[in-house]
Amino acid sequence: MAPPDLDPGWLAAAVALAPLLAFLAVGAALLVGRAPSERGVARAVVGALWLSLGCALTATAWWALHPHAVLATTLPFGGPFLVDALSAPMLVLVSVITLWVGRFAIPYLHREPGFARFFLLLALFAAGMQLLVGAGSLEVLAIGWELVGLSSALLIGFFQERASPVRAGLRAFGTYRLCDVGLFMAVAWLHHAAGDTRWPEPTRALPTTALALCLLLAAMGKSAQFPFSGWLARAMEGPTPSSALFYGALSIHAGPYLLLRAAPLLEHAPVVRGALVLVGLLTALQATLAWRVQTDVKGALAQGVLTQVGLMFVEVGLGLYSLALLHLVAHAGLRCLQFLRAPSALRQAQAWRAALRDTPPPSLVWLHRFVPRAWAPRLYRLAMERFAVDALYERWLLHPLLRLGRALDAAERRWVGTLSAAEVPPPTPARPAETSPSNPSTGAV
Amino acid sequence: MTPTTLLVPLLLVLPIVGAVSLVGTRTPARALRVATVAASLTLVVALALSWPPTGRARPDDPDALLCPLVSLLTLATLVAGPRQLLDRGMLMALLLTEGAALGVFRARGTLPLLGCLVALPMPLAGLLAQRERSAPGPREARVFHLYMLVGTLPLLAVLGLDLPDGAPGAAYVVHTPRPTMALGLGALAALAVGVRLAVVPFHSWLPCVVTRLPLGVGLVVTHLVVGLFLLERLTPCLGAPALALLGTLGVATALHGAVAAWAQTDLRRMLGFLLSSHSGLVLAGAVLGGAEAWPGARLHAVAMGLSFTGLGLLVQSLERRTGTADTTRLGGLHAPGGRMSVLFLLLALGALGVPGTWGFTSEDLLLRAAVGVHPALALALLLALALGAVTLLRAWQRAFLGPPSPRPFTDLLPRERWTAVALVLALLAGGRGLGESVFPPSMAPSIVFQRAHREAKAIRNRREHHVPVEAAQRPGGPVRGDDAGPERLQFESTQREGGRILVGASPPRPDE
């Protein structure tokens, strides 16, 4: 009996649709019925991730057997989905790491009150990331991009009973939204200029520099590049599996992936490529200095991630696309492992110390020895504050915006009072600012 | 006689009959039952009328979206609203507003249109006046009366000009060969639309009403939707200066509402300013983007209506349970009020345009139209949207997350929960995506529509300015205007008949 013919296009689409269906099923069960058991939730989501991995492997194998072809299909909601030289390795990488983290999280979050919520958001993230990676148009990428950002912000605030993670989630969401202005601008502009949002070809007459700048802004926000890097350190408030998945392995690399996908556009925008190199170098320099003064393992890893992602931006800016892709895949795997091992870092360090006995451990940190002695204290303070990016952000953006909003509100109340010939009650005093250890500047800037 | 001819009068009569029947009811519970039955039947009739015989809704048909929307919002308010607030006055106001709005949508002559437009704000004004008498506080009724007076008088002037020769079945608005008079009438019409859509500086009634009557968010949304409908009908008689002015005011409203909402701690007032911001977005996109932006504007009105009505109902439920809607006094309610928290989040996500909801599709369409005018315009609207999104998520976090609250709290009742779930499902039903879909009008047809419109415009410009085809051709691009067929040009030419401007850019209905 001959095996049934499988449409490779459907297999490719199923890579993203399987976790999406799991998300919808678990979400509906949580919303309208009784909360399902941990085992049921884990089985549904991890099963969908297994299915996604199988489909990704099959679609990639099909592509590998037809190396000069591009496997293109249309998703049920109408967007194109591609398997090509860039997306094929990423589809497999995303499937493997998501499944890996899902398996890790089952015992890690056992009996945690938000167990079902974590897996629900994991399924949403997996669907979003696969859509982002396999998107055949900027519009489909924007859908995946939004789902990834949303699940990221909600998972940072996973421990909802504490104020600090909740605030950190809002900060991340705010930065994403601000920078996503660039992505949506690019979507609308590309559609206006070219008639659709499929990946632009170099031959088209497009406003390449403007489009590339928009995409650069979006990539900077999602990958926490300078000056939008403040949210990443706060994002470590989330549970370790989500930190590994989002900020070690996948979400943080969405920016370089977007730029790799937009490489034909960047080829015609030398100014933006220069900006990419500059942004990448600044981020790498800032993060490597901040990494040297971190006292917790997740914070140090986050700064290490930023350093490497900054270098990926530099590689893309220099046109080294293959190197950037290789760097991305290798770095994602390594950092995911490091993040997942972070909870046992102390034990590991003690084991090393016991093994080394009196032998001094090898030091990998030597660059800062070249810093002049007079600069050291100020540089140390700056690095401790991560160059006070957050303080500047609050001083120059958030507070003026809030003052403007209050002024508008007060004017509104006065006007209504005049019209109604009555005194309108003043607004409730604002909530007093809560102290945050990482927020206020010590005066270094 | 077709079923449509039977159903249309039924649609208009049912809410009025329901409202009149309330006079004879003896108990509040019975009054609520009567109102709910009337609203349910109205929704069924609206859906039956909207369901096209071909199975595909036309993007250019506003009634197909707006009539069921208004009916659904009224029913949702009746089912999920707190029983203590749904007294006979509130029920009558809801049904009469619904009837007037449906009358506006279905009016086929100037006089009925005018009558329904004038009658629309009256129930809400009466309700506000009644509340003002019963509870001391700021006089929102006076503010509402003033604004509606300012918005209605110009409308009477503009529409009244057509009364002597208003042909039945058509909506002729302006008939004047004099440009100064046309300009003046255009300004009056812009004023009328600006007040109805709560555009800066005519917006103050909206946050007032939402703060005073949080249960009335559905009523306010109905006013905004009618304002959008009126704008669509009046657009052909608004000259280019009036349209540019309205578009600029729309951008200003979007930014003003978003910034003012950002500074609020009261959930009701925040919702009011956000509604105003979205109204500005719709106005700016629709007016400046031209005919191609109208499907996006209508879709956005639907998304806005569903999500903000749901949010208003949840805020009202929250306030009834905790005694406050101030976020500085809320927080930590996620554990006892898990379902309320999740539904609030889902409706907020619908309002901020997450992929998969109506809002995502509509915002995309509006932004495309805005970019076509100028990229800076789209950038301003995107910034307003981003700020509004962060405000909504922050409101959810402050109201529900954080250290657990010690106060006793009851989660949503089944009727409240299922209403919110229905609104969430309705939000999701329209967000199926980018490609061709049966209902709602997806992006793909509108893209074709946009291209055809752009190309027809290019041909018209070339004819007017005698530009040769080669000069207007972009290097390497396809030859423009090749597929702009004679039907398209014929359709555009039918919009102008002998110096009279025919209101409404949509082709005639098959049943007329």
Side-chain angles (χ1 to χ4, degrees), chain A residues 30-32 74-79 113 139-140 142-144 146-147 150 153 157 160-163 166-167 169-170 173-174 177-178 180-181 184-185 187-189 191-192 195-196 203-205 210 401-402 404-406 408-409 412 415-417 419-425 427-431, chain B residues 138-140 142-143 146 204 207-208 256 259-266 326-328 332 334-335 339 342-343 349 354-355 360 364 367-368 370-372 375 378-379 382-383 386-387 389-390 393-394 397-398 401-404 421 432-437 442-444 447 451 474-477:
Chain A
L30 285 170
L31 188 61
V32 299
T74 304
L75 295 167
F77 53 81
E139 205 154 40
V140 177
I143 292 177
E146 283 295 294
L147 297 182
L150 182 66
Q160 300 174 337
E161 65 283 356
R162 290 196 284 123
V166 172
R167 274 204 312 272
L170 186 67
F173 185 76
R177 274 275 155 176
L178 180 66
D180 288 354
V181 166
F184 287 111
M185 193 74 197
V187 170
W189 209 335
H191 185 273
H192 176 69
D196 60 36
T203 53
R204 288 184 181 179
L401 196 62
L402 197 60
L404 177 63
R406 286 186 184 147
L408 288 175
D409 188 43
E412 182 73 30
W415 172 240
V416 169
L419 284 181
S420 60
E423 193 175 337
V424 180
T428 313
R431 177 181 292 202
Chain B
R139 299 173 187 170
E140 281 86 359
R142 183 178 292 189
V143 178
L146 275 173
S204 299
C208 270
H256 171 274
V259 174
W262 172 254
Q264 300 304 319
T265 56
D266 186 313
D326 193 337
T327 51
T328 57
H334 186 79
R339 290 188 198 283
V342 169
L343 287 166
L349 293 180
V354 160
F360 182 76
D364 193 21
L367 289 172
R368 287 176 187 184
V371 164
L379 185 63
L382 270 168
L383 286 174
L387 190 57
V390 179
L393 197 78
R394 188 188 60 173
Q397 288 189 341
R398 287 190 171 174
L401 307 189
V421 168
R432 281 196 298 160
L434 314 170
E436 290 195 15
S437 57
S442 66
M443 289 183 182
I447 289 166
R451 276 189 204 156
R474 198 168 58 189

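Throughout, protein chains are lettered first and strands after them, A, B, ... in sequence-line order, and every chain is numbered starting at 1.
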Item to check | Heavy-atom side-chain contact between H191(A) and D364(B) under 4.5 Å | outcome: no
Checklist outcome for this item: When rounded to the nearest 0.5 Å, the distance separating CG of L401(B) from CZ of R167(A) is 12.5 Å
Checklist entry - Taking all non-hydrogen atoms of both residues, which atom of C208(B) and which atom of V416(A) are closest, and how far apart? => result SG-CG1, 3.5 Å
Checklist entry - Could you give the distance from CG (L382(B)) to CG (D180(A)), rounded to the nearest 0.5 Å? => result 10.0 Å
Checklist entry - How close do V371(B) and M185(A) get, heavy atom to heavy atom, and via which atoms? => result CG2-CE, 4.3 Å
Checklist outcome for this item: Here the gap from L349(B) atom CG to E146(A) atom CD, rounded to the nearest 0.5 Å, amounts to 10.5 Å
Next on the checklist: Please classify the contact of V166(A) with chain B as side chain, backbone, both or neither, using a heavy-atom distance under 4.5 Å.
Outcome noted: both
Next on the checklist: Has R368(B) got a side-chain atom pairing as donor or acceptor with H192(A)'s backbone, closer than 3.5 angstrom?
Outcome noted: no
Item to check | Contact summary for E412(A) and P207(B), nearest pair of heavy atoms | outcome: OE2-CG, 4.4 Å
Checklist entry - Looking at CG of L387(B) and CG of L178(A), how far apart are the two atoms once the value is rounded to the nearest 0.5 Å? => result 9.5 Å
Item to check | Options V181(A), L170(A), L404(A), L30(A), ranked by heavy-atom pairs under 4.5 Å with chain B, top entry | outcome: L170(A)
Checklist entry - Who wins among G402(B), A386(B), A263(B) for the most heavy-atom pairs under 4.5 Å with chain A? => result G402(B)
Item to check | Structural part of R394(B) lying under 4.5 Å from a heavy atom of chain A | outcome: both
Item to check | W189(A) portion near chain B, given a 4.5 angstrom heavy-atom threshold | outcome: both
Item to check | Interface moiety of L379(B) toward chain A, non-hydrogen atoms closer than 4.5 Å | outcome: both
Next on the checklist: Nearest 0.5 angstrom please: R177(A) CZ to L393(B) CG, how far?
Outcome noted: 9.5 Å
Item to check | Pairs of heavy atoms under 4.5 Å with chain A: top-ranked of G372(B), A370(B), A261(B), A260(B) | outcome: G372(B)
Checklist outcome for this item: So CZ of F360(B) and CD1 of I143(A): to nearest 0.5 Å the spacing works out to 4.5 Å
